[in-house]
Amino acid sequence: MIGTGYVGLVSGACLADFGNAVRCVDIDETRIALLRSGGIPIYEPGLKELVGRNVDSGRLRFTTDIAEGVEGSDVVFIAVGTPARPDGSADLSYVFNVAESISKHLNDYKVIVSKSTVPVGTTREISAFIRAKAPGDAEFDVVANPEFLREGSAVEDFMRPNRVVIGAETEKAKDLMKIVYRPLYLIETPILITDLETAELIKHASNAFLATKISFMNEIAAISELVGANVDDVSRGMGLDGRIGSKFLHAGVGFGGSCLPKDISSLIHIAASRGYEPHIVRAIFDLNQKLPGRAVGKLKEELGILRGKEICVLGLAFKPNTDDLRDAPSIRIIKDLVEEGAKVRVFDPVAMDNFKKTVPIDVTFCKNPYEAADRSDAVMLVTEWNEFRQLDLPKLKQAMREPVFIDCRNVYKPDRMFDHGFRYRSFGRGAEARRKKERPL
Ligand code: NAD
Ligand code: UGA
């Protein structure tokens, strides 16, 4: 398993738990040293125990030596990052660096698997690239095996996936992949075997469809505000239709993370580079980009100018149960607030260290939500961590200078917040406006 990030480490540990012998390789020496000493470089529920158990059993090992990793393996997974370039296309330099290293160590037949999310056509290009670099008698096949796990529930998602997609074109490769995933076969997980390009497109299409559901509901939220409807009930009413499904219909400040935004940009690029304009996918992306600004707009409607105001931001991670800040809406919001001259106090249960290390914006880090709210002019709830669902509202309000609460994830019920005396704003609750008119605060 080459790459020990969110996907590589979780996949490596889970595949070891399936009974395979796994070597995880990373070029980051600090990361490998940490893993070897029993530490875990990312926050992911259940991962520490899983890694510990499989290291103890001798099935899971960590190394920086790619030769050791490749030469000793039948199947080599490439699980390195594929970040977006400034033009939206995927940066494949990490993937091809790894492919180059693999080409030097093909001591016997191997299956080389693209686990990273790559543009359609990449796995076949990896094959041609390795064929051109490797000795003439090197034997290998390539497979596209995209990963569908979510951060925050990655271990559970890998252990009990809705499906496994394997793009493979030789029987030998298919057979080896079936052995790797044998425990999932036994629990009757659907395993879909396709050609390489189809497997790659299934991944992009799935992420784009999930993002479509979210952006669609955010559009309905904007309309709900204008017509006096409640988007939570609209989504519940829609989701009860089995053809629509109730998941991923939660309106708010939009999707972030290392994957949905980047994979949508990549899909737009894939289509455009073949001369097709992907109207729907582009609209999903454009709408999502506007949402952090809309949250700050709601704040300004309550507070007027923000210069000199103290704003408390609850939640930094792009979603709960992760420390990942990549493309997090919180960063866009905080940047806007600081640019407007506000001072920002923040609290997040796990992502503050990451923020300190990676985001060069001056904020005050606090120990808990109440310290962050202390003498603030407004609270913005940006990530719906469980502990923010049960805030002591009287205590919070008492700590604040002004009782303005912008709920970017629709965690609270408007009526309850009005009853507590908050000037409360959320997304897509047109009833808020009606209630405000009926009972001015
Ligand atoms: P990540 O940034 O967390 O980890 C990548 C790791 O690869 C890093 O530890 C890095 O040091 C290592 N690396 C880079 N070059 C290397 C090399 N030459 N040799 C060895 N190691 C190298 O990335 P991630 O979030 O795990 O994502 C990996 C891929 O999986 C991406 O394509 C992503 O789109 C896809 N994916 C991610 C998720 C997710 O939830 N994060 C889910 C599904 C798919
Ligand atoms: C997403 C997909 O769900 C995974 O299947 C996929 O493997 C992964 O991308 C990937 O390719 O990396 P992830 O980014 O970890 O997983 O998180 P999600 O749970 O999908 O949430 C993404 C964003 O959408 C978050 O910012 C979340 O707050 C937001 N979201 C989610 C909503 O705004 N509304 C919803 O109803 C659901």
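Note: hydrogens, waters and symmetry copies are ignored here, and every other heavy atom, side chains too, is used.
- Two residues are said to be in side-chain contact when any heavy atoms from C-beta on lie closer than 4.5 Å; N207 and I264 fail this criterion.
- Side-chain contact check for R61 versus E68: some heavy-atom pair is nearer than 4.5 Å.
- D233 has a carboxylate O that lies under 4.0 Å from a charged side-chain N of R236, or vice versa, which qualifies the two as a salt bridge.
- Remark: E156 engages R160 in a salt bridge, criterion side-chain N to carboxylate O under 4.0 Å.
- Atom CD of E219 has 12 or fewer heavy atoms from other residues, nucleotides or ligands within 6.0 Å.
- Between E100 and F129 there is a side-chain heavy-atom pair separated by less than 4.5 Å.
- Taking a cutoff of 4.0 Å between a charged side-chain nitrogen and a carboxylate oxygen, K262 and D327 do not qualify as a salt bridge.
- Other residues, nucleotides and ligands place more than 12 heavy atoms under 6.0 Å from the NZ atom of K356.
- Checked by atom type, the side-chain pair T63/D65 shows no donor-acceptor distance below 3.5 Å.
- The closest side-chain heavy-atom distance from E339 to K335 is below 4.5 Å.
- When only modelled atom types and interatomic distance are considered, N354 and Y43 share no side-chain donor-acceptor pair under 3.5 Å.
- M238 has its side chain within reach of F216: a pair of non-hydrogen atoms, C-beta onward, lies under 4.5 Å apart.
- Side-chain contact check for Y94 versus P83: some heavy-atom pair is nearer than 4.5 Å.
- Relative to the ring axis of F427, R294 does not place its NZ or CZ within 45° and under 6.0 Å from the centre.
- A salt bridge links E169 to R124: at least one charged side-chain nitrogen sits closer than 4.0 Å to a carboxylate oxygen.
- For the pair E200 and T122, the minimum side-chain heavy-atom distance is below 4.5 Å.
- Here the side chains of L60 and C24 are in contact, with some heavy-atom distance below 4.5 Å.
- Smallest separation of non-hydrogen atoms from I268 and P278: CA-CG, 3.8 Å.
- A salt bridge is defined here as a Lys NZ or Arg NE, NH1 or NH2 lying under 4.0 Å from an Asp or Glu carboxylate O, and E340 with K309 fails to meet this definition.
- Side chain to side chain, T117 and T82 fail the donor-acceptor criterion of an N or O pair below 3.5 Å.
- Around atom CG of D241, more than 12 heavy atoms belonging to other residues, nucleotides or ligands sit under 6.0 Å away.
- For K174, the NZ atom counts as densely surrounded, since its 6.0 Å shell holds more than 12 non-hydrogen atoms of other residues, nucleotides or ligands.
- The number of heavy atoms from other shown groups lying within 6.0 Å of CD1 (I280) does not exceed 12.
- A salt bridge between E301 and K298 is absent, with no side-chain N of the basic residue lying under 4.0 Å from a carboxylate O of the acidic one.
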